Peer 1: 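Let me give you the structure first, and then I'll get to my questions.
Both ligands and their constituent atoms are indexed starting at 1 by order of listing. Nothing here was measured: the structure is a model prediction, and the numbers come from that model. All values below were derived from every heavy atom in this structure, side-chain atoms included, with hydrogens, water molecules and symmetry-related copies excluded.
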Amino acid sequence: MRYFLWTVGCQMNVADSKKLAAGFERLGLERAPDAASADVAVVNTCSVRQHAEDRAASMLGRLRLLKEARPAFKIAVMGCMVGPRAEALERRFPFVDAFARPQQFAPVLALAEEPAEDLGGEFWPSTFAAPDGPTAFVPVVHGCDKFCTYCIVPYRRGRERSRPINEIAREVAWLTARGVREVTLLGQTVEAYGHDLDGQPDLGDLMRALSADERLARIRFLTSYPKDMTARILAAVAGLPKVMECFSLPVQAGSDAVLASMRRGYAKAGYVAKVAEVRALMPDAGITTDIIVGYPGETEADFAETLALLEELRFDKVHVAAYSPRPGTIAHRTMADDVPAEVKAERLQRVQAVEERISRERNAACLGTVQTILVEGVNAKGQPYGRTRAGRLVHLDAPARAGALADVRIEHAGPFALRGTALDALALV
Ligand code: SAH
Ligand code: SF4
Ligand code: F3S
């Protein structure tokens, strides 16, 4: 049998898909290059914005045609579109054979109809995704307890649950034995790691334990939640040589009124102080952020504060999205989606214009410097690429082996990436 897997959404969803693929492969299935040549197709969905749901729906429309021509073809929908009750989805997509919530792998694997193998107790800690390069995602804390008013994630991924350090270390050792040199520790609010475990280790303790793996060169982590990012965790990031100075620290808005309405748990001043703390400890840290424009009640003056904050903090990258009401969330239940679509689109473009200028300027400041990158692979133009310790993307002018660490002199800078030459090219091939 062959399986086809289609994924949208965040890194956590990508990690879940890899885990599912590992499960299928343990059952003896092979990966199909497209849905038409598969026996079972899985759509791993995201609900963070309407657009992500629309993409999954259109994928399902295509799969439905395949099933009409070939009734034995099986279709599963997994991930964040599937809530505690699947009735509405079942009515909308009656041709789907199985619905599974995020990380609920069993009903999907059951479609394989292969003789059930004993997967060795619990599926999650015993089935590791095969790496496809020198970097890998490792979920360390599932779920989210924060309930920001606009966000569907806590309703679909449940409460925060941390994996024990020894279990994560076993997965990382398994990965590094197969060529992985950099792991990205994943959580919706990754600094929440450990509060629910015996002895309450924190993210810094986890990073310290993983640093002992000699084959591992680098550790990344995301996503950061300002309020959970303690001085103790920051000291660990700054002090551990393998941990990259690279922060994904969503601010969402620059206006205190909007932040309070979103229930983010901090005001602008607290966020600015957190960034200052990071930069005081790690002057070369890379910091990216997320912004929502057109949140209910966002005035032009509120929005101007967001733009002013971007100018003040000068992030390395800004991911911006227009507010999308999510049924079931607090904002959807209690607030009107009152910013017109054209105003949202215009604010989105204004953020993008500021972000592109600042990203370009920040990248340009790297010209002439030497940065260490981990070569991750080769881009469409045949150039090797990797990331600096601050998370900046660098393309190399000459061939290099994936998995090599290279010191690179930066010679070109654009808004999205840098380009340069390795100082010791011979060591790379
Ligand atoms: N846990 C992270 C991000 C989770 S979702 C955090 O706390 O920020 C990823 C991003 O999607 C968010 O940072 C937010 O900017 C965006 N997002 C979430 N819900 C959204 C919504 N309803 N409409 C538009 N963007 C949204
Ligand atoms: Fe969503 Fe807020 Fe949790 Fe991030 S912290 S996943 S935005 S509820
Ligand atoms: Fe989307 Fe779920 Fe991730 S809603 S962003 S796939 S946690």
Peer 1: Should you measure from each heavy atom of Tyr150, which atoms of ligand 2 turn up under 4.0 Å away?
Peer 2: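 Taking each heavy atom of Tyr150 in turn, ligand 2 has 7 (S) under 4.0 Å.
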Peer 1: With a 4.5 Å cut-off on side-chain heavy atoms, are Glu277 and Met229 touching?
Peer 2: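 Not touching, per the 4.5 Å side-chain cut-off.
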Peer 1: Please determine whether a side-chain nitrogen of the Lys or Arg among Arg208 and Asp205 lies less than 4.0 Å from a carboxylate oxygen of the Asp or Glu.
Peer 2: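 Judged by the 4.0 Å cut-off on N to carboxylate O distance, Arg208 and Asp205 do form a salt bridge.
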Peer 1: When you check the side-chain N and O atoms of Glu191 and Thr230, is any donor under 3.5 Å from an acceptor?
Peer 2: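 Per modelled atom types, Glu191 and Thr230 side chains form no pair under 3.5 Å.
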Peer 1: Check the pair Arg263 / Phe147 against side chain to side chain contact (heavy atoms under 4.5 Å, CB included), numbers first and verdict last.
Peer 2: CA-CA 8 Å; Arg263 302 196 193 168; Phe147 288 94; over 6 Å; no
Peer 1: What protein heavy atom sits nearest atom 19 (N) of ligand 1, and how far away is it?
Peer 2: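 Looking only at protein heavy atoms, the one closest to atom 19 (N) of ligand 1 is Tyr150 CD1, 3.3 Å.
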Peer 1: According to the salt bridge (Lys or Arg N to Asp or Glu O under 4.0 Å) rule, which pairs have a member within residues 39-55, sequence neighbours left out?
Peer 2: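 Matches after skipping sequence neighbours: Glu53-Arg326.
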Peer 1: If the threshold is 4.0 Å, N to carboxylate O, is there a salt bridge linking Glu182 and Arg387?
Peer 2: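 No, Glu182 and Arg387 are not salt-bridged.
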Peer 1: Any cation-pi pair here, Lys146 with Tyr225, using under 6.0 Å and within 45°?
Peer 2: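 Checked: cation-pi criterion met.
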Peer 1: Determine, considering heavy atoms only, which of Val48, Leu249, Val251 sits nearest to atom 18 (C) of ligand 1.
Peer 2: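 Heavy atom nearest to atom 18 (C) of ligand 1 belongs to Val48.
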Peer 1: Below 4.0 angstrom from a heavy atom of Ser47, which ligand 3 atoms are there? Numbered from 1 as shown, please.
Peer 2: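 Under 4.0 Å from Ser47, ligand 3 has these atoms: 1 (Fe), 4 (S).
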Peer 1: Does Arg264 come within less than 4.0 Å of ligand 1, judged by its heavy atoms?
Peer 2: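 Distance cut 4.0 Å: Arg264 passes for ligand 1.
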Peer 1: Could you tell me if any non-hydrogen atom of Ala322 lies under 4.0 Å from any atom of ligand 1?
Peer 2: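 The answer is yes: ligand 1 sits under 4.0 Å from a heavy atom of Ala322.
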Peer 1: Quick check: Arg49 and ligand 1, any N/O pair under 3.5 Å apart?
Peer 2: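 In this structure, Arg49 places an N or O atom under 3.5 Å from an N or O of ligand 1.
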Peer 1: On a heavy-atom basis, I'd like to know which of Val293, Asp290, Thr289, Thr149 is closest to atom 13 (O) of ligand 1.
Peer 2: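 That would be Asp290.
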Peer 1: Under 3.5 Å between some N or O of ligand 1 and some N or O of Tyr323?
Peer 2: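 For ligand 1, there is no N or O atom that lies under 3.5 Å from one belonging to Tyr323.
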Peer 1: Suppose we screen for side-chain hydrogen bond (donor to acceptor under 3.5 Å, both in side chains). Which residues come up paired with Glu30, at least two apart in sequence or across chains?
Peer 2: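 side-chain hydrogen bond (donor to acceptor under 3.5 Å, both in side chains) list for Glu30, sorted by chain: empty.
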Peer 1: N/O of Gln252 under 3.5 Å from N/O of ligand 1, yes or no?
Peer 2: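 Yes: some nitrogen or oxygen of Gln252 is under 3.5 Å from one in ligand 1.
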Peer 1: For residues Ser261 and Glu298, determine if any side-chain heavy atom of one lies less than 4.5 Å from a side-chain heavy atom of the other.
Peer 2: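 Of all side-chain heavy-atom pairs linking Glu298 with Ser261, none is under 4.5 Å.
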Peer 1: Does a side-chain N-to-carboxylate-O contact under 4.0 Å join Arg91 and Glu87?
Peer 2: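 Answer for the salt bridge query: no.
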Peer 1: Is there a nitrogen or oxygen of Thr189 sitting under 3.5 Å from a nitrogen or oxygen of ligand 1?
Peer 2: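 No.
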Peer 1: Just let me know how Ser324 lines up against ligand 1, side chain, backbone, both or neither, with a heavy-atom cut-off below 4.0 Å.
Peer 2: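 Both backbone and side chain.
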Peer 1: Think Arg178 forms a cation-pi with Trp174, using NZ or CZ under 6.0 Å from the six-ring centre and within 45 degrees of its axis?
Peer 2: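 Satisfied, under 6.0 Å and within 45°.
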Peer 1: Applying the ring pair (Phe, Tyr, Trp, His ring centres under 6.0 Å) test to Phe24, which of Phe4, Tyr3, Phe105 qualifies?
Peer 2: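 In the set Phe4, Tyr3, Phe105, the residue that makes a ring pair (Phe, Tyr, Trp, His ring centres under 6.0 Å) with Phe24 is Tyr3.
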Peer 1: Near atom 3 (Fe) of ligand 3, which protein N/O/S atoms are found at less than 2.8 Å?
Peer 2: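 Within the sphere that stays under 2.8 Å of atom 3 (Fe) of ligand 3, the protein atoms of type N, O or S are Cys10 SG.
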Peer 1: Run the numbers for me: atoms of ligand 2, each under 4.0 Å from some heavy atom of Arg264, listed by number.
Peer 2: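 Within the 4.0 Å cut-off of Arg264, ligand 2 contributes 2 (Fe), 5 (S), 7 (S).
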Peer 1: For ligand 1, which atoms sit closer than 4.0 Å to a heavy atom of Arg326?
Peer 2: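 What qualifies from ligand 1 is 22 (N).
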Peer 1: Please confirm whether Gln188 comes within less than 3.5 Å of ligand 1 when only nitrogen or oxygen atoms on both sides are compared.
Peer 2: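 Yes; the residue has a nitrogen or oxygen that sits under 3.5 Å from a nitrogen or oxygen of the ligand.
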Peer 1: Look at Asp132 together with Lys18 and state whether they make a salt bridge at an N to O cut-off of under 4.0 Å.
Peer 2: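 Looking at Asp132 and Lys18, the cut-off is met.
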Peer 1: Is Asp337 paired with Lys344 through a side-chain N to carboxylate O contact shorter than 4.0 Å?
Peer 2: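 Counted as a salt bridge, because a side-chain N and a carboxylate O are separated by less than 4.0 Å.
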Peer 1: Could you please tell me which protein N, O or S atoms lie under 2.8 Å from atom 3 (Fe) of ligand 2?
Peer 2: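 As for protein N, O or S atoms lying under 2.8 Å from atom 3 (Fe) of ligand 2, they are Cys144 SG.
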Peer 1: Look at the rings of Phe315 and Tyr271 and say which category their plane angle falls in: under 30° parallel, 30 to 60° tilted, over 60° perpendicular.
Peer 2: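 Phe315 and Tyr271: tilted rings.
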Peer 1: Please examine the side chains of His195 and Glu160, heavy atoms only from C-beta on, and report whether any two atoms are closer than 4.5 Å.
Peer 2: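 Glu160 reaches His195 side chain to side chain.
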Peer 1: Charged N to carboxylate O below 4.0 Å: is that the case for Arg362 and Glu355?
Peer 2: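 So Arg362 does not pair with Glu355 through a salt bridge.
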